[in-house]
Amino acid sequence: MADLTYLLRPKIFDDFVGQQHLVSEGSALRALLENAQVPHSFFYGPPGCGKTTLARIIAAKLDSPFYEFNATSLKIDQLRKIFSQYEHALQKPLIFIDEVHRLAKNQQEVLLPVMETNAVLVIGASTENPYFSLTAAMRSRSMLFELKEHTDEDLRALAERACDKEHLSLEDEALRYLVISSNGDARAMLKLLEFASVGKKEISLEDLKALRPHSLNDGTGEASVHYDLISAMIKSIRGSDPDAAVYYLARLIEGGENPTFIARRLVILASEDIGNANPQALTLCTSAMTSVAQIGYPESRIILSQAVIYLSASPKSNSAYNAINQAQAAIREGDILDIPKTIQQNNKNYLYPHDFGGWVEQRYLSKELRFVEFKPIGYEQKMGEWLGKIRQK
């Protein structure tokens with residue numbers, strides 16, 4: 001059985017599928033590589049978008065020895081051995097570290113001196129933005145590059161390339177499912193195609209669904225009908241129609257939509273459309289998201305149904321959504337206010353509300369601004385009434 005991910009791994013930028021903002025002629029990263037001036041770099045993006053492949057192409061172009069590690073199992077002694085081996089060498093090794101957001105502080109500290117002297121080239125990869133997990137010293141010595149998930153067109157081109165190389169035949173419906181269900185993940189797509197082709201050259205939709213009965217999709221790469229179904233479910237919940245909402249939920253489940261994607265959308269809706277009218281909605285949906293991730297189908301359909309019905313029958317308020325939008329707009333438009341001295345750190349004139357029965361009048365903004373409007377709906381009405389009472393008092 002051919003390893004399609006290995007066979008189709010590009011060796012040069014021109015063969016790279018997707019990520020044109022990084023690999024096309026004239027792009028910043030490619031220009032740096034052409035001039036052999038590649039900085040220490042950290043690539044982040046979704047699974048199967050080409051982070052490791054990009055590092056390998058850079059190593060080949062620079063003719064550098066390539067060492068690949070995973071931060072979860074990387075040992076400091078391994079790094080020191082490489083540093084020692086190339087201490088006086090003319091070649092500079094490329095050290096590639098996957099899951100770089102998991103690098104411990106002591107591992108980062110070992111890398112710092114060789115990054116500073118450029119004795120090695122360090123490239124890291126992560127499915128998460130590593131900015132917050134890297135120390136300031138690491139960030140100042142490196143560049144961050146974001147990779148996007150592959151588009152359906154990218155995956156289709158890659159699938160057709162794989163079929164040509166291995167003389168495989170795919171029905172139209174099978175090709176569509178192969179692409180859409182892979183959620184922008186080239187590696188996952190090629191692996192599915194690889195195992196579906198064991199012992200056969202003609203691959204049907206049923207062959208693919210036997211190995212992957214449900215989409216890996218998180219909604220961003222789905223066909224328009226799935227966008228419409230998600231939209232219909234959300235709008236039905238917002239419109240307090242539980243029957244319609246459950247119907248569209250069932251359509252999504254039957255269509256193979258990833259249950260964790262549905263759960264994440266419900267968590268967002270709980271704040272955006274219900275908010276403080278029923279604060280318990282966010283708690284329930286967060287619990288549902290955790291449960292769904294651990295349980296999966298078919299049982300998670302019941303959890304999703306419970307959450308959808310609860311949200312549909314809850315009072316609705318978008319005041320939290322409106323408030324943060326207005327506050328951000330004010331900041332973007334130049335409302336950058338000085339913080340009143342009384343609430344700055346270690347100011348002795350600060351009035352501690354608990355010493356005054358829970359509330360005391362004092363200035364928190366240097367200019368009066370109003371973003372939050374409590375609606376007379378559900379629990380939010382009680383919140384507004386409570387604030388009104390204490391201010392009057």
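In this structure, M233 and L266 have side chains that are in contact, with non-hydrogen atoms separated by less than 4.5 Å. In this structure, the side chains of L4 and K191 stay at 4.5 Å or more apart for every pair of heavy atoms. When side chains are defined from C-beta on, L178 counts as touching L192, because their heavy atoms get closer than 4.5 Å. With contacts defined as side-chain heavy-atom distances shorter than 4.5 Å, the pair Q91/D63 qualifies. Within the 4.5 Å cutoff, the side chain of W359 has no heavy atoms near those of the P353 side chain. At a threshold of 4.5 Å between non-hydrogen side-chain atoms, the residues P259 and L304 count as touching. Considering only heavy atoms from C-beta on, D15 comes within 4.5 Å of I12 through its side chain. Within the 4.5 Å cutoff, no side-chain heavy atoms of I331 are placed close to those of Q328.
Enclosure of atom CG in D355 by more than 12 non-hydrogen atoms of other residues, nucleotides or ligands within 6.0 angstrom is indicated. Crowding of K201 atom NZ: a count of heavy atoms from other residues, nucleotides or ligands under 6.0 Å exceeding 12. Around atom CG of L351, more than 12 heavy atoms belonging to other residues, nucleotides or ligands sit under 6.0 Å away.
Looking at residues two or more places apart in sequence or on another chain, you find no side-chain contact (heavy atoms from CB on, under 4.5 Å) involving A250. Among residues two or more places apart in sequence or in another chain, the side-chain contact (heavy atoms from CB on, under 4.5 Å) test is passed with Q326 by N322, F371. Applying the ring-ring contact (aromatic ring centres under 6.0 Å, His included) rule to H354 yields the partners Y352; only residues at least two apart in sequence or on another chain are considered.
The distance from atom CG of L168 to atom CD of E202, rounded to the nearest 0.5 Å, is 10.0 Å. D172 contributes atom CG, which lies 11.0 Å from atom CG of L205 (distance to the nearest 0.5 angstrom). Atom CZ of R161 sits about 11.5 Å away from atom CG of L155, to the nearest 0.5 Å. Going from atom OG of S142 over to atom CD1 of I123 covers 11.0 Å, rounded to the nearest 0.5 Å. A distance of 9.0 Å separates NE2 of H40 from CZ of R141, quoted to the nearest 0.5 Å. Summarising the geometry, atom CZ belonging to F66 is positioned 6.0 Å from atom CZ belonging to F96; distances are rounded to the nearest 0.5 Å.
No side-chain donor-acceptor contact under 3.5 Å links S84 to the backbone of K81. With hydrogens and angles disregarded, no donor-acceptor distance shorter than 3.5 Å links the side chain of N276 to the backbone of P279. Here the side chain of D207 pairs a donor or acceptor atom with the backbone of S204 at under 3.5 angstrom. Side-chain atoms of K11 do not come within 3.5 Å of backbone N or O of R56 as any donor-acceptor pair. The main-chain N or O of K200 is never found under 3.5 Å from a side-chain atom of S197 such that the two would form a donor-acceptor pair. Between the side chain of R80 and the backbone N or O of F83, no donor-acceptor pair lies under 3.5 Å. Judged by distance alone, the side chain of S271 and the main-chain N or O of I268 form no donor-acceptor pair under 3.5 Å. In this structure a side-chain-to-backbone donor-acceptor pair under 3.5 Å is missing from S64 to A60. When atom types are taken as modelled, the side chain of Q78 and the backbone of K75 share a donor-acceptor pair closer than 3.5 angstrom. Without hydrogens or angle criteria, S41 side chain to P39 main chain gives a donor-acceptor distance under 3.5 Å.
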In a table with atom names and distances, give each donor-acceptor pair under 3.5 Å that connects a side chain of residues 47-55 to protein atoms at least two apart or in another chain.
residue	atom	partner	partner atom	Å
K51	NZ	G45	O	3.1
K51	NZ	P46	O	2.9
T53	OG1	R9	NE	3.4

What donor-acceptor contacts under 3.5 angstrom involve side-chain atoms of residues 99-107, with partners at least two apart or in another chain?
residue	atom	partner	partner atom	Å
H101	ND1	S126	OG	2.6
Q107	OE1	A104	N	2.7
Q107	NE2	L74	O	2.8

Below 3.5 Å, can you tabulate the donor-acceptor pairs from side chains in residues 374-382 to any protein atom, sequence neighbours excluded?
residue	atom	partner	partner atom	Å
K375	NZ	N318	OD1	2.5
E380	OE1	S317	OG	2.6
E380	OE1	S319	OG	3.2
E380	OE2	S317	OG	3.3
E380	OE2	S319	OG	2.6
E380	OE2	K375	N	2.9
Q381	NE2	E385	OE2	3.1

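Between Y86 and Y67, the ring-plane angle classifies as perpendicular under the 30° and 60° cut-offs.
Residues in residues 286-295 take part in no side-chain hydrogen bond (donor to acceptor under 3.5 Å, both in side chains) pair, two or more places apart or across chains. Sorted by first and then second residue, the side-chain hydrogen bond (donor to acceptor under 3.5 Å, both in side chains) pairs involving residues 19-39 (not counting sequence neighbours) are D14-R30, E25-R30. Within the structure, the side-chain hydrogen bond (donor to acceptor under 3.5 Å, both in side chains) test picks out the following pairs touching residues 333-350 (sequence neighbours left out): D335-K367. Applying the ring-ring contact (aromatic ring centres under 6.0 Å, His included) rule to pairs touching residues 277-324 yields H214-Y297, sequence neighbours excluded. Applying the salt bridge (Lys or Arg N to Asp or Glu O under 4.0 Å) test to residues at least two apart or on different chains, none of the pairs has a partner in residues 285-313.
Each of R212, R187, H150 was compared with S182 under the side-chain hydrogen bond (donor to acceptor under 3.5 Å, both in side chains) criterion, and only R212 meets it.
Here the shortest heavy-atom pairing between L311 and I237 reads CB-CG2, 3.5 Å. Closest heavy-atom contact between S314 and S240: O-OG, 4.3 Å. Contact record, E257 with I262: CG-CG1, 3.9 Å, taken as the closest heavy-atom pair. In this structure, G18 and V23 approach most closely via the heavy-atom pair O-CG2, 3.7 Å. Across E166 and L7, no two heavy atoms sit closer than the pair OE2-CD1, 3.3 Å. Taking all atoms of both residues into account, the shortest heavy-atom contact from L208 to A174 is CD1-O, 3.1 Å.
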Next on the checklist: L29 vs F43, test: side-chain contact (heavy atoms from CB on, under 4.5 Å). Steps then yes/no.
Outcome noted: CA-CA 11 Å; L29 180 60; F43 302 142; 4.2 Å; yes
Checklist entry - Please walk me through it: do S73 and N70 pass side-chain hydrogen bond (donor to acceptor under 3.5 Å, both in side chains)? => result CA-CA 6 Å; S73 58; N70 189 295; 5.0 Å; no
Next on the checklist: Pair L269, I274 - check side-chain contact (heavy atoms from CB on, under 4.5 Å), show working.
Outcome noted: CA-CA 7 Å; L269 182 144; I274 294 172; 4.2 Å; yes
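In this structure, R139 forms a cation-pi arrangement with Y131, its terminal cationic atom sitting closer than 6.0 Å to the ring centre and no more than 45° off the ring axis.
Residues V267, L282 make up the rest of the hydrophobic cluster containing M289, defined by ILVMFWY side-chain heavy atoms closer than 4.5 Å, directly or through other members.
Salt bridge absent: K316 and D273 never bring a charged side-chain N and a carboxylate O closer than 4.0 Å.
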